[in-house]
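Just the heavy atoms: all of them, side chains too, but no hydrogens, waters or symmetry mates, feed the values below. Proteins come first, then strands; the chains are lettered A, B, ... in the order of their sequence lines, and each starts at number 1. Remember, it's a predicted structure, so these values are computed and weren't measured experimentally.
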Amino acid sequence: MTEEKSLNFIEEIIEEDLKNGKYTSILTRFPPEPNGYLHIGHAKSICLNFGLGIKYGGNTNLRFDDTNPAKEETEYVDSIKEDVKWLGFEWANELYASDYFDQLYGFAVQLITKGLAYVDDSTAEEIAAMKGTPSQAGTDSPYRSRSIEENLRLFKEMKEGKYQDGEKVLRAKIDMAAMNMHMRDPIVYRTKHAHHHRTGDAWCIYPMYDFAHGQSDSIENITHSICTLEFVPHRELYDWFIEKLEIFPSKQYEFARLNMTYTVMSKRKLLQLVTESYVSGWDDPRMPTISGMRRRGFTSESIRNFCDKIGVAKRENMIDFSLLEFCVREDLNRKALRAMAVLDPVKLIITNYPDGTTEELVTENGPDESFGTRIAPFSREVWIEREDFMEVPAKKYFRLFPGSKVRLKSAYIIECTGCVKDNEDNVTEIHCTYIPESKSSNDTSGISVKATIHWVSVPHAAEAEIRMYDRLFKVEDPSDEEGDFKNYINPDSLQVVKPAYLEPSLKDAALGTSYQFIRKGYFCLDRDSTVERLVFNRTVTLKDAWSREVKKG
RNA sequence: UGGGUUAUGGUGUAAUGGUAACACUGCAGAUUUUGAUUCUGCCUUUCUAGGUUCGAAUCCUAGUAACCCAACCA
């Protein structure tokens, strides 16, 4: 019964390492920099790292890569923790690169002592110029040959705050002619008088990523350090530090990051959307952030399933947004409560139904009996969707039109008798008669109809604001277009429907519960909602064969 | 035009020298008190050129294309 699933290349490596006894257990880590909110691309990495830990009976650390105090904030730390938890994962240890600042400083001293690092007084521009180009070797810094003693003293003085920002850096002494630019005497410590979100003002020198990441992995005994492809050139340096420092040999493996159609995935771009108010915040439901998707109504299970479906490999990829939509529909179809809501209302009057009468009709709550039933009030006047009526029916249209019969969901079969229009030819009322013996679950009429439509009783309806979200960008790959990516924002990515009419049971909707508004899509209550003003977000539409039929003409 | 990485349907991912498969998308149909769900069927694939082999997506050679690398960012 177990479905045989092939291994991705990282699983193959791990199984090999376990089989040949290189390791008896594995330890992975998810290492975000707390300078932004997590997005669906991070979810891929989270599912990979934590998933590996779970699959192979190992553990996974959550480690914040907080070596740049200028960009990092506690707000981001908090959101990252919340998002990882919400996705359903538990870290073995909550750690910070800043926890290792003392050890990292010690590593730097060791390197100096071995003659493998030196303090450089050159400016940033000079260092860049001496770096050479990919096809041209760099040149040695005039400070490269300082004595070990002098380097030790200078580095200590850097730590003590004797120098201004940018005045001095510590560089590894490797090879200015290396093919790999990262090996041309990379900077390992810079002077930065900045307040750190955790260490406060204890330090005025901070290690660079390359001098912190690998060593942090090593300190934690991470067996498999998994990151994205752009770090491939860093691996040589990663290994160099581990070798020279003679510390635990963590190994780095790289996979291709996730790209998705109709969105952007860089923190820089997402930050721009937020700070320049193209969206309402990091958790705007249109954002590909975990918090945005959560607010929009995506379930963590559907996101995990998505991450599983897209796979892990090394080639550049561009995943269809429709795959994510498929995953959320698949999950919500079996979980979401069913309810009736009319988003584009027009009044339907059942002319032969007694005025002032309310019937309490029974209707099902979910996709199967286990969800139970509830009562929906029914009366002479109900709201129905404007698109469920056509005065002159298109071909293949089998909803309401003069003379046609349809069923009102969980109620009666009705026959359309006509409509009332205003001066501008807009339909303002639709008239029909109902067939009393066709009552749902007690139908003795013998009539069968082709369509069932949803409705909400006019006197009982609850009003709501509904936010309809669509893709954030008009083009598949905004980053690949000419000019500013923001020129390609979809102007219709948010459309507010107000008022929509909801069946009264929806007044008790709870935050975090998903509903299928029958025939319309999946929705959830937004946190902006109040008792006086209900607000719902559309998570995703239902698949709609009819709208495709219409488009085809 | 130095180095590195990657090339399999429209999009992803498998196949580890032996029938190119699975999922999404798209299309057609059946069922349906949601034009949803469910079910059935169909479409489209190994970057190019040589070579090794009984047999190549897989091995070899030469090309080509895409992406990454010259931050005191991560």
*Closer to the 5' end of RNA chain B via nearest nucleotide, is it A:Y397 or A:F326?*
A:F326
*Do any of residues 135-143 of chain A sit with a heavy atom less than 4.0 Å from RNA chain B, and if so which?*
A:S135
*May I ask you to decide if the ring planes of A:F378 and A:W455 are parallel, tilted or perpendicular, using 30° and 60° as cut-offs?*
perpendicular
*So does A:R329 get a side-chain nitrogen or oxygen closer than 4.0 Å to the phosphate oxygens (OP1/OP2) of B:U37?*
no
_Residue pair A:T299 / A:E301, side-chain donor-acceptor N/O under 3.5 Å_ = no
*Pick base, sugar-phosphate or nothing for A:S266, based on heavy-atom distances below 4.0 Å to the nucleic acid.*
nothing
_Residues A:Y412 and A:E359: side-chain donor-acceptor under 3.5 angstrom_ = yes
*asked:* Please report the interatomic distance CD(A:E11) to CG(A:L52), rounded to the nearest 0.5 Å.
replied: 6.0 Å
*Could you tell me whether the phosphate oxygens of B:C73, OP1 or OP2, come under 4.0 Å of any side-chain nitrogen or oxygen in A:R190?*
yes
*Given atom CZ of A:R338 and atom P of B:U33, what is their separation to the nearest angstrom?*
16 Å
_A:Y163, A:Y189, A:Y118, A:F107 screened by ring-ring contact (aromatic ring centres under 6.0 Å, His included) with A:F155, the one that passes_ = A:Y189
*Would you mind classifying the nucleic acid contact of A:S322 as base, sugar-phosphate or nothing, using non-hydrogen atoms under 4.0 angstrom?*
sugar-phosphate
*Classify the nucleic acid contact of A:D210 as base, sugar-phosphate or nothing, counting any heavy atom under 4.0 Å across all strands shown.*
nothing
*Within the stacking criterion (centroid distance below 5.5 Å, interplanar angle below 30°), does A:W546 stack on B:G35?*
yes
*Describe the nucleic acid contact of A:R399 in one word from base, sugar-phosphate, nothing, applying a heavy-atom distance below 4.0 Å.*
base
*Write down the distance separating the C1' atoms in B:A71 and B:C22, rounded off to the nearest Å.*
43 Å
*Would you please confirm or rule out a distance under 4.0 Å between OP1 or OP2 of B:U34 and any side-chain N or O of A:R407?*
no
_P spacing across the pair B:U1 / B:A66, given as an integer number of angstrom_ = 11 Å
*Look at all strands and tell whether A:F231 reaches a base, only sugar-phosphate, or nothing, counting heavy atoms closer than 4.0 Å.*
base
*Which residues, if any, of residues 305-319 of chain A bring a heavy atom under 4.0 Å of RNA chain B?*
A:K309, A:I310, A:V312, A:A313, A:K314, A:R315, A:E316, A:N317, A:M318, A:I319
*Quick one: label A:S547 by what it contacts on the DNA or RNA (base, sugar-phosphate, nothing), any heavy atom closer than 4.0 Å.*
nothing
*Is there a donor-acceptor contact under 3.5 Å linking the side chains of A:R29 and A:S225?*
yes
_For the backbone of A:L95 and the side chain of A:E220, can you confirm whether one donor and one acceptor N or O come within less than 3.5 Å of each other?_
no
*Flag the pair A:H213 / A:Y209 as yes when their ring centroid distance falls below 6.0 Å, and as no otherwise.*
yes
*Would you indicate what A:Y189 reaches in the nucleic acid, counting non-hydrogen atoms under 4.0 angstrom: base, sugar-phosphate, or nothing?*
nothing
*Using a cut-off of 4.0 Å on non-hydrogen atoms, how would the nucleic acid contact of A:T261 be classed: base, sugar-phosphate, or nothing?*
nothing
_Students often get this wrong, so: under 4.0 angstrom with heavy atoms, is A:Q516 touching a base, only sugar-phosphate, or nothing?_
base
*A:H182 or A:H234: which one's nearest nucleotide on RNA chain B is closer to the 5' end?*
A:H182
_Once you apply a heavy-atom cut-off of 4.0 Å, does A:D65 come out as touching a base, just sugar-phosphate, or nothing?_
sugar-phosphate
*Distance in Å, A:L324 CG paired with A:F306 CZ, rounded so as to fall on 0.5 Å steps*: 4.5 Å
*asked:* Test of understanding: with salt bridge (Lys or Arg N to Asp or Glu O under 4.0 Å), list the residues that count as partners of A:D140, not counting sequence neighbours.
replied: A:R144
*For this output row, return yes or no: ring centroids of A:Y76 and A:Y37 closer than 6.0 angstrom.*
yes
_Atom-to-atom span, CZ of A:R538 to C1' of B:A36 - whole angstrom_ = 15 Å
_Nearest-angstrom distance, P atom, B:G50 to B:C27_ = 39 Å
*Hunt down any stem RNA chain B takes part in, defined as 3 or more consecutive Watson-Crick or G-U pairs whose two distances are each under 3.5 Å.*
B:2-7 with B:64-69, B:10-13 with B:21-24, B:26-30 with B:38-42, B:47-51 with B:59-63
*Taking the six-membered ring for Trp and the single ring otherwise, decide whether the centroids of A:F536 and A:F523 are under 6.0 Å apart.*
no
*With C1' as the reference atom in both, quote the distance from B:G4 to B:C42 in angstrom, rounded to an integer.*
43 Å
_What's the closest nucleotide to the side chain of A:N8 if the choices are B:A14, B:U33, B:G35?_
B:A14
*Please state whether the rings of A:W383 and A:Y501 are parallel, tilted or perpendicular, taking 30° and 60° as the class boundaries.*
parallel
Would you list the protein and nucleotides 38-43 of chain B atom pairs, both N or O, that sit under 3.5 Å from each other?
none

*NZ on A:K173 to CZ on A:R146, rounded to 0.5 Å*: 11.0 Å
*Euclidean distance for P, B:U5 against B:C60 (whole angstrom)*: 14 Å
*Please measure how far the P atom in B:G10 lies from the corresponding atom in B:U19, and state the result in whole Å.*
23 Å
*If you look at every strand shown and take non-hydrogen atoms under 4.0 Å, does A:K192 touch a base, only sugar-phosphate, or nothing?*
sugar-phosphate
*Rounding to a whole Å, what distance do you find between A:R519:CZ and B:U33:P?*
14 Å
_Contact under 4.0 Å: A:R257 side-chain N or O vs B:C67 OP1/OP2_ = no
*asked:* For a quick check of understanding: with a heavy-atom distance under 4.0 Å over all strands, which category does A:I518 fall into, base, sugar-phosphate or nothing?
replied: base
*Between atom NZ of A:K543 and atom CZ of A:R548, what is the distance when rounded to the nearest 0.5 Å?*
6.0 Å
*For the residue pair A:H196 and A:Y206, does the interplanar ring angle fall in the parallel (under 30°), tilted (30 to 60°) or perpendicular (over 60°) class?*
parallel
*Among residues 157-170 of chain A, which contact RNA chain B at a heavy-atom distance under 4.0 Å?*
A:G166, A:V169
*Given B:G35, B:A15, B:C73, which nucleotide is nearest the side-chain atoms of A:S6?*
B:A15
